[in-house]
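See structure below.
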Amino acid sequence: MNLLDTIDATNLPNHLAIIMDGNGRWAKQKGLLRALGHESGTKSVKKIIEASAKLGIDFLTLYAFSTENWNRPKLEVETLMKVLINSLKKELKTLQENNIKLNAIGNLEKLPKSAQKELLDVINKTKNNTQMTLTLALSYGSREEIVTAVKNICSKVKNNIISIDAIDDSIINEHLYTQNLPDVDLLIRTSGEHRISNFLLWQIAYAELYFTDVLWPDFKEQDLYEAIISYQKRERRFGKTSEQIK
């Protein structure tokens, strides 16, 4: 059976987020350097981006590099940055052909200048695309994002730009990196780990969570379809009862 044929096109997650985990373990299992695991992971990135766009998902966010990843061995960090730059150069054509707009969130100023330049170039060249918004979370940490938002809001309150009584969910949303993105509907994590790892903590408040043992370099279209089928079997109540939903 082709899983794609069983997906309900009227009940897709509007915003899909993925924690792409397992590149290093994949390489270790095969007796390869971790760098080769990261390079192999880019093949899955391309397949999942294209599959998501074809399905009709409007927003796809990929956790590419966390604030904590800066603590990894220097050689691995350098490799990850090179993989990022090469992928951006290589996949611009794919983004254009699929009408995909590139976006990025995180403390981007910490990225090497060469990575910042390539990232901004691709963002600018795809800014008018409308099929899907692809967001890369780079040098991203949700706690840092929330702390930064709180500081900015406090500054505005102090300067009488915002009234303290006016602070609500929407005000906080406006000060997050994801201010132009909707809340996450489905969060997928690969590699068998069952953690959120400081990813979109505010934005996944009512997201459905899906964990798979598949390592990221082995995660293919069929694995994505399985996750979406699981999502479509769930009842999303947002605090209400089943009777209220029906």
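Keep in mind that what you see is a predicted model, and the values were worked out from it rather than measured.
- Between Ser44 and Pro217, the closest heavy-atom pair is OG-O, 3.1 Å.
- Residues Pro112 and Met81 come closest through the heavy atom pair CD-SD, 3.4 Å.
- Looking at every heavy atom in both residues, Asn14 comes nearest to Pro182 through ND2-CG, 3.5 Å.
- A donor-acceptor pair is defined here as one N or O able to donate and one able to accept, closer than 3.5 Å; no such pair exists between the side chain of Arg195 and the backbone of Arg189.
- Put simply, CG on Leu111 and CG on Leu84 are 7.0 Å apart, with the number rounded to the nearest 0.5 Å.
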Could you go step by step and tell me if Thr61 and Ile18 meet the side-chain contact (heavy atoms from CB on, under 4.5 Å) rule?
-> CA-CA 6 Å; Thr61 299; Ile18 305 178; over 6 Å; no

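- In this structure a side-chain-to-backbone donor-acceptor pair under 3.5 Å is present from Asp8 to Thr10.
- Residues Leu16 and Phe59 fail the side-chain proximity criterion, which asks for heavy atoms closer than 4.5 Å.
- Shown are Gln232, Arg234, Lys233; of these, the side chain to side chain donor-acceptor pair (under 3.5 Å) with Glu208 is made only by Arg234.
- Shown here for Asn11 and Tyr231, the closest heavy-atom pair between the two residues is O-CE2, 3.6 Å.
- Cluster membership check: Ile100 does not share its hydrophobic cluster with Leu181, using side-chain heavy-atom separations under 4.5 Å among Ile, Leu, Val, Met, Phe, Trp and Tyr.
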Steps toward side-chain contact (heavy atoms from CB on, under 4.5 Å) verdict (Ile49, Leu134) | CA-CA 8 Å; Ile49 289 171; Leu134 168 65; 3.4 Å; yes

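- You'll find the side chain of Ile172 reaches within 4.5 Å of the side chain of Trp202, heavy atoms only.
- No more than 12 heavy-atom neighbours from other residues, nucleotides or ligands sit within 6.0 angstrom of CZ on Arg143.
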Show which side-chain atoms of residues 86-96 pair as donor or acceptor with protein atoms under 3.5 Å away, not counting sequence neighbours.
from	atom 1	to	atom 2	distance (Å)
Asn86	ND2	Lys82	O	3.2
Ser87	OG	Val83	O	2.7
Glu91	OE1	Thr94	OG1	2.9
Gln96	OE1	Asn129	ND2	2.9
Gln96	NE2	Lys125	O	3.0

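- Smallest separation of non-hydrogen atoms from Arg34 and Ala27: CA-CB, 3.9 Å.
- Atom NZ of Lys54 has 12 or fewer neighbouring heavy atoms from other residues, nucleotides or ligands inside a 6.0 Å radius.
- Taking Ile, Leu, Val, Met, Phe, Trp and Tyr as hydrophobic and joining them when side-chain heavy atoms fall under 4.5 Å apart, one finds Tyr177 in a cluster with Ile19, Tyr63, Ile105, Tyr140, Val184, Leu187, Ile196, Phe199, Leu200, Leu201, Ile204, Leu209, Phe211.
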Residues Arg25, Glu193; criterion side-chain contact (heavy atoms from CB on, under 4.5 Å); working and verdict = CA-CA 12 Å; Arg25 272 167 286 169; Glu193 301 293 352; 3.2 Å; yes

How far apart are the C-alpha atoms of His175 and Ile162, what are their side-chain angles, what is the distance that settles it, and do they pass the side-chain contact (heavy atoms from CB on, under 4.5 Å) test?
-> CA-CA 12 Å; His175 290 81; Ile162 296 176; 4.0 Å; yes

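- Taking each heavy atom of Asp223 and Val214 in turn, the nearest pair found is OD1-CG2, 3.8 Å.
- The backbone N or O of Glu226 sits nowhere less than 3.5 Å from a side-chain atom of Ser230 that would complete a donor-acceptor pair.
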Can you check side chain to side chain donor-acceptor pair (under 3.5 Å) on His15 and Gln203, steps first, answer last?
-> CA-CA 10 Å; His15 187 177; Gln203 298 86 343; over 6 Å; no

Verdict with supporting geometry, Lys47 and Glu221, salt bridge (Lys or Arg N to Asp or Glu O under 4.0 Å) | CA-CA 7 Å; Lys47 290 179 180 178; Glu221 293 94 330; 5.2 Å; no

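- Within 6.0 Å of atom CD1 in Ile164, 12 or fewer heavy atoms from other residues, nucleotides or ligands are found, so the atom counts as exposed in its surroundings.
- Phe65 and Ile85 end up in different hydrophobic clusters when Ile, Leu, Val, Met, Phe, Trp and Tyr side chains are linked at under 4.5 Å.
- Within a 6.0 Å radius of CD in Glu109, no more than 12 heavy atoms belonging to other residues, nucleotides or ligands are found.
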Audit row: Asn98, Gln131, side chain to side chain donor-acceptor pair (under 3.5 Å) steps and yes/no | CA-CA 7 Å; Asn98 289 275; Gln131 175 67 25; over 6 Å; no

